[in-house]
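When a ligand or atom number is given, it counts from 1 through the structure's own listing order.
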Amino acid sequence: MNRNEQLELLRANLKNKNLFKHCLATEAVMRALARRFDENEEVWATAGLLHDIDYDETAQTPERHGNIGADMLAGSGFSDEIVAAVRAHNPAAGAQRVGLMDKALAAVDPLTGLIVAAALIRPEKKLQIVDTQFVLNRFGEKLFAKGATREELRKCEEFGLSLEEFVTISLDAMKSISGELDL
Ligand SMILES: [Fe+2]
């Protein structure tokens, strides 16, 4: 499936515009991380783009989130590594994170949310004026964007990135698609 087909698949399943943008952000960050680790950019980007494909369907049953999406992707012929990363990104779904991509996806997911929330509290509401230190400061405020689970996000250290480098790579990747993110 090429990217346009992937986007169509995602649009057919996700009705919420903000969630769609969250998926684009996750895609961009995963691509940048793949480059950082010399991994397959297309595979990582696809996992990022499609990781929340079951979000609408599992809205009432969050413990199924990830599992349903993984089954959908397996049925559409996506590779085992993509299926596994999607299945394991939701801690409540109960699947083990094994590979580097599994761990990266689980940490990127909350970070994109934290970065968006950080941009939105600036009067300009633009990513371009947000820097790494600003995001790190928000990270330290436990009540800010509470849904961006700090514990998951900090697991970047398990795959060899300091929080600072993780934020910098992610912020730069999101800035590169700021138009698509309307930020
Ligand atoms: Fe997500």
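The closest side-chain heavy-atom distance from L153 to F166 is below 4.5 Å. Here the side chains of D54 and N67 are not in contact, with every heavy-atom distance at 4.5 Å or above.
Here the N, O or S atom of H51 that is nearest to the Fe ion (ligand 1) is NE2. Checked against the Fe ion (ligand 1), the N, O or S atom of D109 at the shortest distance is OD1. Closest to the Fe ion (ligand 1) among the N, O or S atoms of D52 is OD2.
Between the side chains of D52 and H65, a donor-acceptor pair is found at a separation under 3.5 Å. Side-chain atoms of N137 and Q133 form a donor-acceptor pair, as typed in the model, at a separation below 3.5 Å.
The nearest N, O or S atom of H22 is closer to the Fe ion (ligand 1) than 2.8 Å. Counting backbone and side-chain atoms alike, C23 contributes no N/O/S atom closer than 2.8 Å to the Fe ion (ligand 1).
Proximity of a side-chain donor or acceptor of R150 to a complementary backbone N or O of A148 within less than 3.5 Å is detected.
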